[in-house]
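Quick note: residue numbers are just sequence positions, from 1. First listed ligand is number 1; within each ligand, the first listed atom is number 1.
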Amino acid sequence: MRQAFAKLLKRLKKTYPPEALEVVRHAYRIADEAHRNQFRMSGDPYVIHVIEVAMILASLGLDPEVCAAALLHDVVEDTDYTVDMLRKEFGADIARVVDGVTKISSFNFSDDVVGHEQRQAQNIRKMLVATAKDLRVIMIKLADRLHNMRTLEYLDPETRKRISRETLDIYAPLAHRLGISRWKWELEDHAFHHLKPEMYKEISRMVAMKRREREAYLNATIAFLEERLAEAEVVAHVIGRPKHLYSIYEKMQRQGKDFSQVMDVLGIRIITQTDAGCYNALGVVHGLWTPIPGRLKDYIAMPKLNMYQAIHTTVMRENGHSMEVQIRSEAMDRIAREGIAAHWNYKEGDGDDRLDMQLSWLQKMYDWLKDAGGQDHLMDSMRQDFTATHIYVFTPRGELKELPQGATPLDFAYLIHSDIGHHCIGARVNGRIVPIRYNLQTGDAVEILTSKNQEPHLDWIDVVVTGRARTRIRQRLRELGELAQAEEQRAPKPKTHHVSPKTPPPKTIPEVDAATRRKLVRVQGLKGMAVQFAKCCNPMPGHAIVGYVTRAPGISIHRAGCKSFARSARDRSRIVQASWEGEGILLAKMRLVTKSRPNLLADITNALRPLNIDILNAQFGPGENNCNLFDFQFEAPDQHAIDRVARTVRRVPGVVTAHHMGAEEIEGKEPPKAKASSKIKRLKEVS
Ligand code: MN
């Protein structure tokens with residue numbers, strides 16, 4: 001047995017029982033046989049490559065099935081072994097994963113100048129669509145690319161450059177989105193090495209020099225800080241933050257700084273034992289040095305899209321140099337380095353949790369695609385690609401479904417199954433209750449709410465846009481004997497009859513399973529209260545609602561605008577705030593950096609008008625480099641709405657950047673000050 005494979009087994013044995021490794025041994029035997037007589041450009045037997053790819057995954061603690069699929073990832077593409085044979089030997093699961101990896105490899109990554117970006121956009125899209133079924137595919141593909149980058153020196157310069165560009169364009173961003181920063185840094189540094197060999201050497205030489213020079217200063221800082229933390233009884237350790245070569249280069253390029261300006265900023269990381277310890281550590285740091293205003297970022301309260309959590313702050317040292325401090329707990333640290341892989345391990349053995357986890361990462365990936373900044377043409381063209389005629393949404397199990405633009409949850413329900421369509425009473429989109437008329441958007445996670453008492457209604461025909469849904473609705477209405485009547489109502493009334501002017505028949509209210517609805521109500525933020533729905537207005541998910549404490553123990557739920565409630569609810573003190581689950585309100589804070597020009601504020605407010613944003617307060621003041629700062633707070637139902645505001649204001653000429661400075665949940669519509677300020681909020685005010 002090869003030494004490399006023995007090493008792989010040894011690593012897996014650390015985490016998994018010996019009997020779980022049989023599949024890995026089996027995969028190795030097949031791969032070794034299939035790749036016999038194949039060699040890498042380095043002269044290594046080909047099988048070494050697939051063992052190393054499996055090893056990269058095993059080092060993150062991924063499970064034996066993923067490693068087995070990694071060992072087999074090239075057999076279908078490069079040998080006579082087929083997917084069918086894999087299915088017979090290893091079962092459908094592993095065969096599907098290998099098939100996914102093979103499909104990605106067959107994408108056309110040619111590098112024509114014409115259409116280059118479109119092609120890449122297409123490729124990422126295809127990759128994500130393939131991934132939507134199984135994130136293991138993308139993880140194996142990334143590990144494959146990482147090992148290829150490690151051994152790139154054996155290829156000719158042209159190919160090296162092409163593969164390196166592709167790595168920076170597609171693979172490093174994907175690793176970042178999965179939160180696997182270890183892979184991201186390594187991919188970037190390898191690509192940088194091959195794309196700009198001179199620059200790479202120069203920066204690594206300077207870093208080595210600087211390191212010696214700074215070692216004493218860094219160590220003194222660490223020792224001093226660890227002592228102060230111990231005094232404050234914060235269990236934590238402090239480390240110097242390694243700067244990656246590519247990130248130094250990027251900073252120099254982007255911020256127009258020279259090498260020493262980038263390097264003078266000392267970076268340290270405090271890793272606390274507990275999550276709560278992070279805020280205590282922050283207190284210690286800000287007690288020792290003056291924080292630089294505007295540089296405190298609380299990614300614990302507001303995690304990044306890739307689930308990264310930490311507190312970042314920059315402080316001014318006695319010597320006039322600033323120091324960047326990252327504070328995170330051990331658990332957060334692990335996620336910061338390993339991203340999705342860290343979650344993978346925690347959820348070991350639990351299929352449902354793993355699906356949930358995958359789904360939420362994928363959603364975040366799609367958010368990323370949707371929210372990519374305007375300067376990024378690659379993402380722009382992809383966004384168009386996404387939005388042109390079709391949208392892509394997820395089922396609760398993370399499957400991707402394609403629907404035409406304008407599709408509603410009802411279309412989605414009928415796409416899944418006719419019965420789900422017939423009994424649909426609404427949907428939860430991204431955790432939020434929406435009416436059946438809601439316009440689905442790419443990236444939405446859709447869960448259909450059903451009730452066995454529900455049946456299709458006549459006006460549903462106008463709600464759906466897919467032919468499939470329309471046909472099913474008509475069929476069912478015909479069965480129920482309601483369609484003929486419907487056609488008559490739609491046809492113009494014959495004029496020979498004298499029709500007395502009377503109000504049209506009241507629209508039938510869908511017969512909704514009250515038990516299902518009850519589960520969705522929150523009273524003053526609490527779920528599971530004993531509630532009844534008032535007969536007078538029959539509130540449905542999507543309606544604004546209020547509660548009234550009734551004499552018989554319980555709470556009666558009315559629509560907020562119910563007239564009979566307004567007449568009968570004499571005792572104001574018994575009115576309680578109620579909402580449908582998922583309809584929280586966020587108080588968001590946004591900062592714009594703007595150029596000075598006339599009418600800018602008017603243009604910003606005009607741009608925001610269609611979004612129905614209530615600006616609660618705003619502040620305008622001078623910023624750096626002749627720019628102005630415009631801070632404002634507004635209420636938004638969810639993160640999507642906040643992102644939409646950022647995108648919209650960025651498009652206003654004169655707006656340089658728009659930053660979301662954090663949001664907090666508020667209950668009901670009370671002004672934010674009425675709520676006891678949390679620790680997090682206090683800290684924000686201090687900064
Ligand atoms: Mn490979």
Side-chain angles (χ1 to χ4, degrees), residues 2 4-5 7-8 11 23-24 26-60 62 64-83 85-86 89-90 94-110 123-124 126-127 130-131 134-156 159-160 162-172 174-175 178 180 182-184 186-187 190-191 194 341:
R2 282 175 209 279
F5 183 64
K7 235 176 89 192
L8 172 65
R11 175 63 187 84
V23 64
V24 181
H26 187 31
Y28 171 68
R29 280 192 296 271
I30 300 282
D32 195 31
E33 180 61 34
H35 290 297
R36 184 141 298 179
N37 300 326
Q38 289 181 345
F39 293 89
R40 297 271 286 177
M41 292 300 271
S42 62
D44 278 341
Y46 198 91
V47 74
I48 294 291
H49 163 66
V50 298
I51 297 172
E52 289 297 338
V53 172
M55 188 66 196
I56 288 169
L57 295 160
S59 319
L60 279 188
L62 291 171
E65 278 72 32
V66 179
C67 294
L71 287 169
L72 297 163
H73 84 268
D74 276 331
V75 293
V76 176
E77 198 191 347
D78 294 340
T79 77
D80 296 333
Y81 213 82
T82 65
V83 177
M85 288 154 83
L86 278 177
E89 287 284 332
F90 296 95
I94 286 181
R96 204 166 35 232
V97 173
V98 173
D99 192 33
V101 179
T102 310
K103 283 200 178 109
I104 294 176
S105 308
S106 69
F107 291 169
N108 184 3
F109 278 125
S110 65
N123 281 326
I124 293 191
K126 274 197 223 164
M127 211 181 284
T131 310
D134 203 326
L135 274 183
R136 293 176 294 181
V137 172
I138 214 81
M139 288 201 268
I140 293 173
K141 195 60 209 167
L142 281 169
D144 178 44
R145 176 51 61 110
L146 186 54
H147 184 249
N148 286 337
M149 291 305 290
R150 283 179 186 171
T151 52
L152 203 59
E153 65 205 83
Y154 301 102
L155 304 184
D156 65 89
T159 316
R160 268 189 268 164
R162 179 179 60 76
I163 293 180
S164 295
R165 259 195 303 274
E166 202 178 270
T167 299
L168 282 185
D169 282 352
I170 302 176
Y171 292 94
L174 277 175
L178 290 172
I180 313 175
R182 279 163 66 164
W183 291 3
K184 178 196 181 240
E186 199 187 332
L187 286 169
H190 285 306
H194 292 288

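- The distance from the CG atom of L168 to the NE2 atom of H194 is 11.5 Å, given to the nearest 0.5 Å.
- A salt bridge does not link R96 to D99: none of the charged nitrogens lies less than 4.0 Å from a carboxylate oxygen.
- Centred on the Mn ion (ligand 1), the angle running from D74 (OD2) to H49 (NE2) is recorded as 100°, rounding to 10°.
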Notebook entry, point to check: Yes or no on side-chain contact (heavy atoms from CB on, under 4.5 Å) for L142 and R145, after CA distance, side-chain angles and deciding distance?
Noted result: CA-CA 5 Å; L142 281 169; R145 176 51 61 110; 5.5 Å; no

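- Side-chain rings of H73 and H49 approach one another, their centers coming within less than 6.0 Å.
- When the Mn ion (ligand 1) is compared with the N/O/S atoms of H73, atom NE2 turns out nearest.
- Restricting D144 to its N/O/S atoms, the shortest distance to the Mn ion (ligand 1) is reached by OD1.
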